[in-house]
Amino acid sequence: MEMAKTLMVNANCRNHLSFSAILNSPKNTKFSFSKTMSMCSSFCPRASSSTPKDELPARIGFLGLGIMGSPMAQNLIKAGCDVTVWNRTKSKCDPLISLGAKYKSSPEEVAASCDVTFSMLADPESAVEVACGNHGAAGGMSPGKGYVDVSTVDGATSTSISSRIKSTGALYLEAPVSGSKKPAEDGQLIFLTAGDKSLYETAAPLLDIMGKSRFYLGDVGNGAAMKLVVNMIMGSMMASFSEGLLLSEKVGLDPSTLVEVISQGAISSPMYSTKGPSMVQSLYPTAFPLKHQQKDLRLALGLAESVSQPTPIAAAANELYKVAKSRGLSNQDFSAVIEALKVARFGGQTSSFSSETRVSRRRSVRRGACASA
Amino acid sequence: MEEIGFLGMGIMGKAMSMNLLRHGFKLTVWNRTLSRCDELVEHGATIGENPAAVVKKCKYTIGMLSDPAAALSVAFDKDGVLEQMGPGKGYIDMSTVDAETSSKISEAITSKGGYYLEAPVSGSKKPAEDGQLVILAAGEKALYEEILPAFDVLGKKSFFLGQVGNGAKMKLVVNMIMGSMMNAFSEGLVLADKSGLNSQTLLDVLDLGAIANPMFKLKGPSMIQSSYSPAFPLKHQQKDMRLALALGDENAVPMPVAAAAK
């Protein structure tokens with residue numbers, strides 16, 4: 001318990017790095033995993049006398065078990081937390097139930113039975129529905145409880161969910177993340193939070209299980225805005241990378257060499273190094289669905305318009321994602337935007353990076369779309 | 001190694017030459033504005049009064065000019081490289097130009113019996129100073145192999161990409177992506193600021209994630225301060241975007257983002 005108290009005090013400080021460092025490195029070894037588990041089962045939400053305010057969250061709810069929600073909830077469970085789950089399609093809950101999660105049949109019941117409830121939904125509409133809809137989470141919220149919405153939405157949506165939640169006397173935190181499937185699995189997400197500071201402090205140890213860093217950005221709307229700005233830059237970068245790959249191949253260069261050249265220079269980024277090789281093969285295993293990237297660009301353009309800022313690059317990139325969506329690539333990884341630049345031939349099939357083999361491989365990828373989701 | 005000629009003492013040429021001198025290479029340098037050679041002379045270089053004089057003296061001559069027009073001028077004008085080019089001599093043009101300009105120079109050099117290598121670089125002022133350039137060579141393989149000791153000092157990695165034109169094209173594609181990225185980054189910085197966010201926080205967030213890259217890390221802070229000391233002059237970036245789009249047009253490749261960035 002001594003160790004647990006020390007950890008709790010560290011976690012509640014602005015400088016949470018020492019705590020995160022213990023939890024997060026080296027995360028993928030057996031030793032650190034069991035170390036994490038032993039530390040977490042003692043610290044993770046038991047009441048501690050070292051905290052000046054309300055009790056730490058003992059019971060955690062998790063609404064939305066998609067590409068992101070499922071590994072995030074799993075990390076909480078593996079860390080020894082008491083987790084109750086809900087998902088629109090119940091079967092998605094089964095893997096978590098077999099890991100020890102409890103199940104309730106509506107967001108309202110989950111919220112009512114938990115101290116802090118997280119939600120991770122695909123878009124503004126789902127986020128509103130789960131929070132404020134029929135048997136929504138708000139119905140189960142009350143003073144002493146907290147709602148942490150990890151979905152990526154626009155500021156207005158977040159504000160309206162916040163009002164509804166806070167009208168029950170509960171606390172609200174928007175907390176969209178930077179990072180996709182693998183960082184979610186590895187507990188390496190970056191949380192961009194805003195809203196009730198005390199809920200941020202309460203939730204911090206939980207964020208530290210699921211992530212590698214967290215930011216508190218002030219008023220509701222700031223977290224949403226930061227996430228949209230980051231993903232606007234990312235969407236534009238992926239679109240221009242796609243243009244470059246295609247151009248290189250068209251002018252007789254090896255696109256794999258382009259990927260290598262880029263990795264050596266000033267514009268080298270993990271995204272290019274990870275996605276480049278599969279894009280060259282016309283493969284787009286889904287880590288971040290293209291439809292969500294387009295949604296984020298659309299919301300970012302809305303944000304830009306609200307402050308009267310022209311964003312021609314983002315606008316051009318957004319159009320490409322829309323074309324990709326119209327070609328049926330919504331559930332592929334967002335790197336599939338490169339297909340939008342390829343010329344559509346008769347029959348609606350686009351030209352790939354020339355070989356017959358690649359075309360047939362891509363066809364079978366499309367049929368079994370989202371196998372990795 | 002034999003004495004090397006170096007034409008063009010701009011931001012890049014000067015840094016590259018100093019680097020070669022520091023590593024014990026003998027250099028004869030030339031610049032249109034001769035005074036820019038002074039510092040090189042202080043560090044042991046000799047001056048050539050024009051490109052032809054430099055080529056006459058040196059087995060290998062490197063050119064580092066700002067654009068196609070300058071590269072062509074240095075090659076073709078009176079007292080230019082071609083006047084003294086001949087068998088046994090090599091010309092390595094490290095300027096960033098379009099493939100057509102490079103081909104033109106290549107043909108002229110080889111018709112005089114000389115060897116030609118195009119070798120544009122990826123990297124700006126600091127990588128040039130630190131010998132961390134990425135060199136994208138194409139053309140005469142034998143010349144590439146002979147000049148490699150100099151490349152190894154100038155850069156951290158060299159690529160030989162085949163026939164003349166391939167180096168130029170690779171460079172243009174890289175710089176096109178870079179130009180679009182810089183524009184996207186600028187849009188993001190401005191939007192963050194206008195939305196009431198802290199720009200430095202945006203930089204911190206970007207640096208932690210999948211789109212972290214050295215360019216954002218290096219340029220971000222000064223962009224926030226609105227100070228832009230030139231490592232890569234904007235006019236050259238715009239030149240590269242124009243050349244890249246022309247390449248796209250020639251090959252019927254749609255590039256809406258690059259077009260918006262230009």
Side-chain angles (χ1 to χ4, degrees), chain A residues 155 178-180 183 190 192 212-213 215 217 221-222 225-226 228-230 232-237 239-244 246-248 250-253 257-258 260-262 264-272 274 300 303-304 306-309 311-317 319-320 341 343, chain B residues 99 122-124 127 134 136 156-157 159 161-162 165-166 169-170 172-174 176-181 183-192 194-198 201-202 204-206 208-216 218 244 247-248 250-261:
Chain A
S178 191
S180 63
I190 302 160
L192 306 170
K212 65 174 175 178
S213 52
F215 294 78
L217 302 168
N222 285 354
M226 184 65 82
L228 293 180
V229 171
V230 170
M232 179 182 82
I233 298 172
M234 185 167 82
S236 297
M237 276 174 66
S240 83
F241 183 53
S242 300
E243 287 180 353
L246 206 62
L247 179 61
S248 72
K250 276 281 161 87
V251 300
L253 300 173
T257 307
L258 174 64
E260 203 193 332
V261 169
I262 287 175
Q264 293 289 328
I267 56 172
S268 169
S269 74
M271 179 175 83
Y272 291 160
T274 309
L303 177 63
S306 77
V307 293
S308 304
Q309 182 195 335
T311 50
I313 310 301
E319 289 304 309
L320 286 177
L341 290 161
V343 177
Chain B
S122 195
S124 59
V134 177
L136 308 169
K156 64 169 165 173
K157 196 155 165 90
F159 292 81
L161 301 167
N166 285 357
K169 289 171 184 172
M170 182 66 84
L172 285 182
V173 174
V174 171
M176 178 196 81
I177 298 172
M178 186 165 84
S180 295
M181 269 175 73
N183 261 283
F185 184 43
S186 304
E187 282 186 357
L189 282 174
V190 175
L191 183 56
K194 285 198 158 185
S195 306
L197 300 172
N198 180 300
T201 307
L202 173 61
D204 295 340
V205 172
L206 288 173
L208 287 164
I211 54 176
N213 63 86
M215 182 174 81
F216 287 0
L218 185 66
L247 189 59
E250 279 163 39
N251 291 275
V253 179
M255 297 192 300
V257 177

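Residue numbers begin at 1 in each chain, while the letters A, B, ... track the order of the sequences.
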Value for CG (B:Leu161) from OG1 (A:Thr257), rounded to nearest 0.5 Å, stands at 6.5 Å
The interface call for A:Ile190 against chain B, heavy-atom contacts under 4.5 Å, is side chain
Answer key: most heavy-atom pairs under 4.5 Å with chain B among A:Val307, A:Ile262, A:Ile267 is A:Ile267
Comparing A:Ala225, A:Ala316, A:Ser268 against chain B, the one with the most heavy-atom pairs below 4.5 Å turns out to be A:Ser268
When rounded to the nearest 0.5 Å, the distance separating CD1 of B:Ile177 from CD of A:Glu243 is 9.0 Å
Cut-off 4.5 Å, heavy atoms of chain B, and the answer for A:Leu320 is side chain
Applying a strict 4.5 Å limit to non-hydrogen atoms, the region of A:Leu253 in contact with chain B is side chain
Honestly, the part of A:Glu319 sitting under 4.5 Å from a heavy atom of chain B is neither
- Is the side chain of A:Gln264 donor-acceptor paired with the backbone N or O of B:Lys157 at a distance under 3.5 Å, no angle test? no
Counting heavy-atom pairs under 4.5 angstrom with chain A, the leader among B:Asp204, B:Val190, B:Thr201, B:Val174 is B:Val190
If one checks every heavy atom of B:Ile211 against chain A at 4.5 Å, the contacting part turns out to be both
If one checks every heavy atom of A:Leu258 against chain B at 4.5 Å, the contacting part turns out to be both
Look at the side chain of B:Glu187 and the backbone N and O of A:Gln309, then say whether any donor-acceptor pair between them is shorter than 3.5 Å. no
Does some side-chain heavy atom of B:Asn213 sit less than 4.5 Å from a side-chain heavy atom of A:Tyr272?
no
CE (B:Met178) and OG (A:Ser240) are apart, to the nearest 0.5 Å, by 11.5 Å
When the 4.5 angstrom heavy-atom criterion is applied to A:Met232 and chain B, the contacting part is side chain
The interface call for B:Leu206 against chain A, heavy-atom contacts under 4.5 Å, is side chain
Bottom line for B:Leu191: the part with an atom under 4.5 Å from chain A's heavy atoms is both
Most heavy-atom pairs under 4.5 Å with chain B, out of A:Ser236, A:Gly244, A:Ser178, A:Gly179, belong to A:Gly244
* State, with a plain yes or no, whether a side-chain heavy atom of B:Val205 is found less than 4.5 Å away from one of A:Ser213. => no
Of B:Gly188, B:Ala259, B:Gly162, the largest count of non-hydrogen pairs under 4.5 angstrom with chain A goes to B:Gly188
Greatest number of non-hydrogen atom pairs under 4.5 angstrom with chain A, of B:Asn166, B:Leu218, B:Leu172, B:Asn198, falls to B:Asn166
Bottom line for A:Ser306: the part with an atom under 4.5 Å from chain B's heavy atoms is neither
Whatever's closer than 4.5 Å to a heavy atom in chain A on B:Lys169 counts as both
Applying a strict 4.5 Å limit to non-hydrogen atoms, the region of A:Leu217 in contact with chain B is side chain
If one checks every heavy atom of B:Val134 against chain A at 4.5 Å, the contacting part turns out to be side chain
The interface call for B:Leu136 against chain A, heavy-atom contacts under 4.5 Å, is side chain
Pair count under 4.5 Å, heavy atoms only, with chain B: among A:Asn222, A:Val251, A:Leu341, A:Leu228, highest is A:Val251
From the list B:Ser195, B:Ser180, B:Ala212, the residue making the most non-hydrogen contacts under 4.5 Å with chain A is B:Ala212
Greatest number of non-hydrogen atom pairs under 4.5 angstrom with chain A, of B:Ala258, B:Pro214, B:Ala99, falls to B:Pro214
